Each structure stands twice: as C-alpha cells, then as structure tokens.
Protein chains: 2
Amino acid sequence: MTQLSNARAGVITPEMRTVAGKEQVDVALLMEQIANGRVVIPANGRHDRLIPCGIGEGLFVKVNANIGTSSDRAILEDELEKLRVSIGAGADAVMDLSTGGDIDACRRAILEEATVPIGTVPVYQAVIETVEETGALIHLTVDKIFKVIERQAEDGVDFITVHCGLTRSALEMLRKQGRVTDIVSRGGAFLTTWMLHHDRENPLYENYDRLLSIAKKYDITLSLGDGLRPGCIADATDRAQIHELMTLGHLTQLAWDEDVQVMIEGPGHVPLDQIEANVILQKKLCHHAPFYVLGPLVTDIAAGYDHVACAIGGALAGAAGADFLCYVTPSEHLCLPDVSDVREGVVVTRIAAHAADIARGHKLALARDRQMSLARKNLDWETQIKLAIDPEKAKRYREQNPPAENDVCTMCGKYCAIKQVQEYFRE
Amino acid sequence: MTQLSNARAGVITPEMRTVAGKEQVDVALLMEQIANGRVVIPANGRHDRLIPCGIGEGLFVKVNANIGTSSDRAILEDELEKLRVSIGAGADAVMDLSTGGDIDACRRAILEEATVPIGTVPVYQAVIETVEETGALIHLTVDKIFKVIERQAEDGVDFITVHCGLTRSALEMLRKQGRVTDIVSRGGAFLTTWMLHHDRENPLYENYDRLLSIAKKYDITLSLGDGLRPGCIADATDRAQIHELMTLGHLTQLAWDEDVQVMIEGPGHVPLDQIEANVILQKKLCHHAPFYVLGPLVTDIAAGYDHVACAIGGALAGAAGADFLCYVTPSEHLCLPDVSDVREGVVVTRIAAHAADIARGHKLALARDRQMSLARKNLDWETQIKLAIDPEKAKRYREQNPPAENDVCTMCGKYCAIKQVQEYFRE
C-alpha cells in the first residue's frame, strides 16, 4: 500500500497524521490532497528514522539540499557532516547525488542517519558501475538501471529522480531548434548519450511500467526529472523543455493509475519574467502534481552567488505555486560545495521558501514575521535573535559590534528611529 | 540650469552624452526622457570627480550603497574604504548617512574621492547639530534644516533624501489605523517627533518652495523620501504609506514646475505578492518619476541575511519597473556594516538589478548572460570567471577546489554533463 492508495481508500496513515500535525492542517483534508495527487509524502517503509514530510499544495514550501561525493572528492564523513548541517539549517529533504567512492556505502550511511526524506538519481550509479565494469557508458543495460533502482529502494530511499520524459521526439525537437547550452542535466546527458548511440528510446520511458512496479512496492515517490531543463537564460521555456513537461504530464497520470506518488521537476535557468508562466504551465500540464524546482536561477552570471540567484527565482516560483525548492550553493557551477557552502545554501533557500509562504498568505509564516516585528519594535533583542532564520549568525553579528546603549544597535546608535518614536510618538 | 531645464530646452548636456554613451542609448531619446521626468541625472556641478549616471526608464537598473558613521562608530578612514569597496563592487551611487563624528569632514572627504553620485539625508545632520547645540531634537528650527541643506549642496552633494510627504494628515491616518512597527525611517522619526511636539506641519512640506530653490540652484536631485515606509510585512501597503506616496506625486509636479529633478523613494518591507502593485502605484501616482526602493525585504525574519531578502524583493521590483535599488547588507537590523558587509551587499544587489534587467529584456544584459553560457558550454573557465558578477570570488572558489581534469569542475568531475554532451551529442 502506498500513501496514495491509502488516501484513495480513505485510510489515514501514521505518516499523514505526523505531517498534518507539523503543518497544523486538518488530516482529512490532507488525505484528500494526497488522494488527488496534489500532495506527496515521500516515505519508504524501510527508511527507519524518517520523520515524514509532506510536499504540495496548502503546505509550507519545502527545501531540498543536494549532497554527495564526486569522482574528485569522495569522503563519506564529509557527506555525513553535510547531511547534519543541512538538517540543522532547516532542510526538509536531502538528495544523495554521490558519483564517487563507495556509492552504496555512502547512501546507506546517509539513510541510517537521516530523519528527513532522502532522494537519489539512480541512473548516476547505474552509469558509473557500467563505466567501471565495462569501460563505457554505452554498455549500460536496461537491467542495470532497474537493478540499481531496486537496490536503492531496498535501502530505503524515499524519492528518486527519473528522467522519463526525455524522449527521442524531445531530443529531435532540441536538435531542430538549437540551444545555447544543449543539455546540462547530468542524468539527461547520460541517457541522451545512450539513446543516440543505440538509436533507441529512453529506457526509463519505454520501461515505465517496470519503474512503476518498483515504486509501488516500496512506495517510492517518483520525482519525474527534467533532463532537458534550460541551462541558461537564453534556453528557458523552449520547445524541448515544454515537450518534456507535457510527456511528464502523461506519465503522472500513468503513475497515479498505479497508486504511485509523483512530483515534477522543473528548471533550471529562467528569466524572472517567465517564472510564473513556468509554474502555471507545470500545474496545468501535470494535473497539479507537486512542482519541485532547481532554482530557478534568474541570471547566468552569478557564479559564486548562485545561491542568491536561486533564492530570487525560488521565492518567485514558490509564490506562484511551486512546492519544493532545491537549493543551490555559492559553489554552483564552480566546484563541489563544502560544509559551509551547504549551510549557506540551505539558509538562503529557506528564506526564499518563507518569502513564498508569506506571499501565499500562510498564516503561520505571517505570524512569525509579526512576532519578529513586535520584538523589533520593543527593542527585544533576545526574541529577535531567537526568531531569526539563523539565530547563530544574527547573534554573531550583534555581538561582534556591540552598541553603547544596550537597547539599540550600532547602525543608528542613539538616533534609533524606533526608540525615538517610542519615546515621543507613543507617549 | 538643471539637467531638466536643459532637456526641456532641447539642450544636450555633457552629462547626457556621458550617460547615453555608458548606456548605449540614443542621446536625443535620453534627453526626451529627462525632459518628461522619467530619467534623472543627479549631478551637482560642484562634485568635481563625478562620472554622471542616469537613473530611470529605459536604462540599466541602478544600485545604491549606504555608508556613513554612527554615534557608536565614527572612523573616517573606514567610511572611505567602504566607498572604494562599493564602487569597486559595482555600486552606481553611494549615500553618506553619517550621524557620528565630524559629519562635514566625512561628507567632504567622500565627495572629494567619489566618482559616483553621492546622496545624503540632510535632516540627520540638522537634528544632530541641534541636539549637540541645544540638548534636544525639538529645538530644531526650519532655518537649521535649510542651512544644512545649503551647506551640503555647496559641498557638491548630488541627491538628497527629503521626507516632504510625511504630513500631519498622513500621521493622523497612521494613528487611526494602527501599525505593528509605526515609523522605522530615521528621518521620518525625527520629523514626526518635531511635528507632534510643536503641533506643526512638516517643515519640508511647508517650505517646499525654499527646498526647490536650493535644489534648482545646485541641480540637486530630490529623492522624495518615504518617512512612513512599512517597517514590517504586516504594515506594507497601508493607508499611511499610500497617503504619503500620493503627496509625493503632487510634490513631483511642483518640482518639475521649477525644473528640479525628482526620484521617489519606496519601501521597505513588502510581501512578494504586493511588490508589483507598489511599483505600478508609484509609477502612476508619481507620473513615472524614477522609483528608488529600499529593498523591499520580502520577510522580517532574515536577520543576518537581509541582503538576500532585499535581493529577492529588489529583483522583483526592478522587473516590475523600479529603477534604482538601495542595497541592504547582511548586518541590517543588527549593527553598522563593516567593509565586507558592504561588499556583499553591493554584489548581491547588483545580481538583483541584473536579474531585473534580464526580465525587462535589456539587450546588453541578455548578451552578457549569453556570453557567459557559451563560455560554460565551451568549458572556458577563464572567460566564465571574467564574466562573473564577482570574478574574484568565482576564481577563489574554483582554485580552492581544483578538479583532476582541468576542463571540468569538482561538482561532477569526470561525469560532467556538458562534457558528455559535447563528446557524444555534438559529434
């Protein structure tokens, strides 16, 4: 039984109760949202320490942090530290995108420790093992892909990115129209290479029923990936991207037919003025399945600050209806993030998610800002720091530059506007 | 003669030529935009080293950095370093908001060195001198205010913030409706205190003609301040704020009647979903005078990261038509920024301004992103770093974590999607 099949049968699961409690929403309404596919709870029964998390319409906007080794950097302890820091900074989910070292061991260690849902991109491991075993990606087999998916499912992975919508006709469209950066999705690039070499259809598309049967068995949530997401502003919202999105809409319905939970992945690099349209399109074409966006980055030139370009796009996407924001760190486009990059990425993306919640009129989000502002008016520094998105950093700033008068700050010193108004205006 | 009177007379000034050259726009069109008040060039004839900068419709979105001493921290050399760092990081203008130490000396040193337009808030100095001379703000006189404005004008200040729209009727409206954070503008708080104590109208409103005659004489651009800007999400877009904005619309016309250039200042703290409406309102109510926004911050809880909350709001405001973004640093709401906070604030706000330019379809902005993306596709790291918003930080990231294969990065290592696609897809 999956969360979806339970919801459709009118059964409230313990996972639904946990999520309803955390979100302060009615559990029967939540069940209904799950039944109609607008909310997912990625929760593999084998992920022991998981505290379930809901993603979708009517809930807080969620944040994902990507961690994982690469062929250049593969130290398990570093990745576990990134996991801890991500959760500590407020990440709602973490993806293990390891491509270096002992991938199984890394994933298993992460799953053993993680209290948040864990996602993966199984095609990475399938390709890497193929390269290690045969010397070339093109020897990847359909069986290999599904064996890796099954292995990861057995380990307790809660959601997987599968680029099922990257079809031959989408690639043909991409070829015809041309692009500045072609394909920037790693999974998309692997599959494209294989498809072109063998002149065959995407194995994840062709064998989608096999994928659904594994997903159903373990209640893995499918995160239908965007292998053709735009990798730069110039490529955004093009025919190839929208073609893939339409295919994902069809695959969403097929998954729902099998009681499999689905999210849809989205771009990428998108100019600010096209973000709302992208969200509306996804919601409509994919029947309101939750939308999981990577960014979007609103410019290509913010190397070193792509977390900020991502926060701008993510906040706007969230306000327009996106449900799940994948973070980007300051090291994006430059190198593998270290622990401090991960922390910065999570905090900044949480700000975007919260700004989106505010824009969506979420009562609990608005209440927190109101409390913060009352503390600000009352010059109550302890409460301000407690309510800050990152109390540690706020405290550090305040303490490193202490004011002469304790109730104000060094920005205005004794000419504090708030104090002034308190003394004269409110008498 | 002001830029506005020249433009109205059909005279193309050297300042207009410089701006048209930098912006790659037609100088006759620029002159027309200045004549109809949609563009300003804040350029006091006494500011010797100034390289003129245009602000308004059809031009790049501009960024301002606030610097200046406070009663708690007043070291001239620190502020000069902040000036240099601001300009180096790409600030288009700088405001000297000094309220501590020798305010005249600080401003003069800044003006002597600055190649960008310099702005001030003269009422700060008028109040501080009054407090020093008489012991209390309430002894502030109308003459004192105008003597300080004239002194700053003679020094070469290019634009001044004057909270002329904070009238008694606006305050009455604020009292009636109530607010979470009342007044958070420092200048607004000073004036309110004085007005309530003396039961008198705002001296900058009542003596607006005197202000206009000084502004006209030196061609100081008036930045009509928002003393009643919302200081928190809950107070945004309320009656008090909009009342003040409507008054500023009237004062804009009066300034234009005297050939005085005008910008309008805007909020503040505004939920993401209200930002576009704020820009549309300002443009309509103030007859398309340039809009200069402080933020807007899209949440109240981002202490330590308010530069990011500001970048989100600023990008959206810019995309909607705001022309000039005042930065916020990571230290906002906590302490006076140091040099590194200033740098971070400028870079992040420049990202917001650039994202807005992209959204507005600015051809030169789009071209830069395209070039960056081509360099990315070609794995041309040198060009990527050169085109990054902050080449220094991008270079540092790349060098601190060097890949085994020189053409990729440590994020994907040998499994680089771009390289993969180059090798297989583009053969």
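Throughout, a chain's letter reflects where its sequence line sits, starting with A, and its residues are numbered from 1. Given the structure is predicted, the values throughout are model-derived calculations rather than measurements.
- Residues B:V180 and B:H269 have side chains not in contact (no heavy-atom distance under 4.5 Å, counting atoms from C-beta outward).
- With a threshold of 4.5 angstrom between heavy atoms, A:A404 approaches chain B through its backbone and through its side chain.
- Annotation: side chain of B:T329 is not in contact with side chain of B:D338 (no heavy-atom distance under 4.5 Å).
- By number of non-hydrogen pairs under 4.5 angstrom with chain A, the leading residue of B:I351, B:L374, B:D273 is B:D273.
- Contact annotation for B:R376: only side-chain heavy atoms (C-beta onward) come within less than 4.5 Å of a heavy atom of chain A.
- Looking at heavy atoms from C-beta onward, B:H163 lies in side-chain contact with B:V121 at the 4.5 angstrom threshold.
- The contact between B:A311 and chain A is made by backbone and side chain atoms together, counting heavy-atom distances below 4.5 Å.
- No donor-acceptor pair closer than 3.5 Å links the side chain of A:T410 to the backbone N or O of B:C335.
- Heavy atoms of A:L297 lying under 4.5 Å from chain B are absent altogether.
- Only the side chain of A:M372 comes within less than 4.5 Å of a heavy atom of chain B; its backbone N, CA, C and O stay farther away.
- Here A:A394 is the residue among A:A309, A:A394, A:G413, A:A388 with the most heavy-atom pairs under 4.5 Å with chain B.
- Residue with the most contacts toward chain B among A:I128, A:I233, A:V308, A:L316: A:I128 (heavy-atom pairs, distance under 4.5 Å).
- Among B:I389, B:I301, B:V408, the residue making the largest number of heavy-atom pairs under 4.5 Å with chain A is B:I301.
- Counting heavy atoms from C-beta outward, A:D72 and B:N401 have side chains that stay 4.5 Å or more apart.
- Contact count versus chain A (heavy atoms, under 4.5 Å) is highest, among B:I418, B:V127, B:D390, for B:D390.
- Nearest heavy-atom pair, A:L272 versus B:A319, reported as atom, atom and distance to 0.1 Å: CD2-CB, 3.8 Å.
- The side-chain heavy atoms of B:P337 and A:M411, taken from C-beta on, include a pair separated by under 4.5 Å.
- Atom NZ of B:K395 has 12 or fewer heavy atoms from other residues, nucleotides or ligands within 6.0 Å.
- A parallel orientation is assigned to the rings of B:Y305 and B:H307, their planes being inclined by less than 30° (bins at 30° and 60°).
- Heavy-atom distances place the backbone of A:S185, and not its side chain, under 4.5 Å from chain B.
- When each of B:Q400, B:Q274, B:M195, B:H333 is scored by its heavy-atom pairs under 4.5 Å with chain A, the top score falls to B:H333.
- Contacts of B:Q384 with chain A are made by side-chain atoms alone, with heavy-atom separations under 4.5 Å and no backbone atom involved.
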Checklist entry - Does the side-chain contact (heavy atoms from CB on, under 4.5 Å) test come out yes or no for A:R186 and A:T99, once each step is laid out? => result CA-CA 11 Å; A:R186 194 158 39 171; A:T99 56; 3.7 Å; yes
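- Only the side chain of B:R73 comes within less than 4.5 Å of a heavy atom in chain A; its backbone stays farther off.
- Counting heavy-atom pairs closer than 4.5 Å to chain A, the top-ranked of the candidates B:I312, B:D369, B:T181 is B:D369.
- Taking 4.5 Å as the limit, every side-chain heavy atom of B:R368 sits out of range of all side-chain heavy atoms of B:D357.
- Ranked by non-hydrogen atom pairs under 4.5 Å with chain A, the options B:R396, B:R350, B:R370 are led by B:R370.
- With chain B as the partner, the residue from A:C232, A:P271, A:C412 showing the most heavy-atom pairs under 4.5 Å is A:C412.
- At a 4.5 Å heavy-atom cutoff, B:Q371 makes no contact with chain A through either its backbone or its side chain.
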